[in-house]
Amino acid sequence: MDIRRSLAVTLACVLAGAIAWAQVGRGGAEWLTASGDAQRTSWIRVDGAISVDTLSKPGFELQWKTKVDNQVRQANGLFQGVTANGVTLFVPMSVVAGSSNNIYAFDNDTGYVVWQRHFDVNLPTATAACPGGITAAATRIVTLAPPVFTPRASGPPRGGGYRSLLGEPGEGVPVESRTGGPGRGAAAPGAARNGGTPPAGAPGAARGGQAPAPPPPPARGNQPSVANAGIPGAPDGGGPGSGYGRPSGVVYAVSSDGMLHVLGLPSGKDIQQPARFLPANARWSDAIAVGTMLYTATSGGCGESNASGVWAIDLDSATKPVVSWMTNGGSVVGNVAFTSKGSLIVAVGAGQASAGGYANAIVALDPKTLQVRDWFTQRGTEFVTGPTIFRYKDTEVAAAATKDGRVLLLDTSMLGGGDHTVPLYASRPVLAANARFATEALSTWQEGAITAAAPDPSGTRWLLASIAGRPATDLRAPAANGAITTGGVLALKVDDSTGAIAVEPGWTSTNLTSPATPIIVNGVVFALSTGRAAQTGATAAGRPAVLYAYDGSNGKALWNSQRAMTSPAFERSFWSAMGQVYVGATDGTIYTFGFLDERR
């Protein structure tokens, strides 16, 4: 009897341990929003499987591919996935938005489609400027301090845990411990919408634009109360320790009719009544949810509104009030980004600014009211990328690229100095006259040991830019992987050895076709040659995509996917998480590269 009891206890312990192991899924850093984090860096700091050492050896290869039925709309098809680790007992998941009002949830280990959601909405005729349908990725909640995965000292790489910090690095508590309560910033029902106009006397007071936001839907009885909500979007009574109240419990997506959907990750079903967020058939950028608010930007004058600007919706309020700020000038370029202190940074491109409007500018907005806090503008400077935010020593910097081939660095605490026109640094052109940056061209990472959520301040800071065309003839990078003629990745070092911050060439990739924004995973730079010949909806255009891996410190080529992919890929469907890299192709195929896992 004692022996049988002992065996039973042992078996129960083993089973409990296996379940606990499975609950964290694959393990590793998650990709919670487009470009990975609130700063839009496209950088996974630490990974238990991917490193320069492991990519220098055999074993990293195509793990699975799955094809879905999404229909391409002009240059839009599949977007970046967002990931969740251990949604159910054994399933780490990527949720991918498709242009024809589709949302897909994939098992990251097998490629199995766990669920598929289609929003039954009439779609307008697609044009290059206004493709209609879903135009951007879904998102989960991110924090202002990027997530860090710290592998165990021994054992399988996937045995580490995921944690995400609130506020400044090293402060706060894990999101899993967050509790709801009254007074978390929810707007009162029927609260007035703010059009973004700063208070009288504030910087930029005359510049705020206003556009009416659509009315919210009436509250329903099954919507969560502010007092009981654990994570924004959780059902009533869903605490942070269980069910949808966990941070892994929901994903946020916007359908082409402008409705915000809060989807439960296990099933893909709406767990709240969809809420009016954007004008129908708008063209919007990749959404991001920070704290209790969700943000995106509209551009191009598409759909039921000609306005270009930034929109925010309160996730914690039952009535989901919407706040908007209109540029009254140029279109918003790329995605919005956040500083570690919570300022929302947005790039505005070319246009004719009306009184109080903005064009060719970088603007800082208050995250709750969208009032203008600060801005930078300079004659002859036309921004063509959204901002990427990073810390260099004691300064938090916003980097963006311009049409004439330059990279500008701005101090986020004072974007343009006293007169709003002086950058921290402006490079000479790094592109040839007929070349261009990709829309979300810039990513960034920093060498050195990772402690908690903070990189080693003594490590080299890198900016990576994807370009179409040739680099400038006088850009003499110390390391190159052959001549760049159709496009490639430029790796630029951030340096202050002369007494002022600057960027200088470091290395260049091999020749690529329509490259995507580079992704950095644990010191490895992944560059995707999408193969797309032009921004077109024709899925047959171009050549098969190829994925490349480089040592981020010196540009040494480590690996490439060769002929594993058989069609071109979308520039905006390229992400990484949990030791794998994912590529969305124009024919609807998701390709996943990594090391063999025991689940396959």
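FYI, the numbering just counts along the sequence from 1. The model shown is predicted, which means the values in this text are computed figures rather than measured ones.
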Would Glu30 and Arg140 pass as an ion pair if we require N to O under 4.0 Å?
-> yes
Between Arg406 and Asp404, is there a salt bridge with N-O shorter than 4.0 Å?
-> yes
Residue pairs passing the side chain to side chain donor-acceptor pair (under 3.5 Å) test with at least one member in residues 253-265, sequence neighbours excluded, are Asn101-Ser256, Ser255-Asp257, Ser255-His261, His261-Asp270
Going by an N to O cut-off under 4.0 Å, is there a salt bridge joining Arg461 and Asp496?
-> no
Can a donor-acceptor pair be found between the side chains of Lys403 and Thr385 at a distance below 3.5 Å?
-> no
Are the side chains of Val142 and Gln39 in touch, meaning some heavy atoms are under 4.5 Å apart?
-> no
Minimum side-chain heavy-atom gap Thr339-Ile345 below 4.5 Å | yes
Aromatic ring proximity Phe570/Phe79, centre distance under 6.0 Å | no
Mind listing the closest non-hydrogen atom pair of Val332 and Thr327 along with its distance?
-> CG2-CG2, 3.9 Å
Rounded to the nearest 0.5 Å, how far apart are OH of Tyr104 and CG of Asn70?
-> 4.5 Å
Flag, side chain of Arg40 to backbone of Pro387, donor-acceptor distance under 3.5 Å = no
Plane angle bin for Trp445 and Trp462 - parallel if under 30°, tilted between 30 and 60°, otherwise perpendicular | parallel
Report the distance from atom CD1 of Ile313 to atom OG of Ser324, rounding to the nearest 0.5 Å.
-> 11.5 Å
Within a strict 4.5 Å, meaning less than it, do heavy atoms of the Leu431 and Phe437 side chains meet?
-> yes
Would you check if there is a donor-acceptor pair between the side chains of Thr33 and Asp286 at a distance under 3.5 Å?
-> no
Heavy-atom closest pair (Ala137 atom, Ala97 atom, distance to 0.1 Å) is CA-CB, 4.4 Å
Roughly how far, to the nearest 0.5 Å, is CG of Leu365 from CG of Leu344?
-> 5.5 Å
Mind running ring pair (Phe, Tyr, Trp, His ring centres under 6.0 Å) on Phe574 and Trp31 for me, showing each step along the way?
-> CA-CA 11 Å; Phe574 179 39; Trp31 195 267; 8.4 Å; no
Do the side chain of Arg283 and the main chain of Thr135 share a donor and acceptor less than 3.5 angstrom apart?
-> no
Separation of Ile389 CD1 from Thr41 OG1 (nearest 0.5 Å) | 10.5 Å
Can you tell me which residue pairs pass the disulfide bond (SG atoms under 2.5 Å apart) test with a partner in residues 284-403, sequence neighbours excluded?
-> Cys130-Cys302
CG/Asp374 to OG/Ser413 distance, rounded to the nearest 0.5 angstrom?
-> 8.5 Å
Side-chain donor/acceptor of Ser285 to backbone N/O of Ala297, under 3.5 Å | yes
Can you tell if the side chain of Gln80 reaches within under 4.5 Å of the side chain of Arg572, non-hydrogen atoms only?
-> no
Just wondering, do Val494 and Phe390 contact through their side chains at under 4.5 Å, heavy atoms?
-> yes
Look only at the side chain of Arg117 and the backbone of Ile103, and say whether a donor-acceptor pair between them is shorter than 3.5 Å.
-> no
Consider only side-chain N and O atoms of Ser340 and Glu396, and report whether a donor and an acceptor are under 3.5 Å apart.
-> yes
Inter-residue atom distance Trp575.CH2 - Leu528.CG, 0.5 Å rounding = 11.0 Å
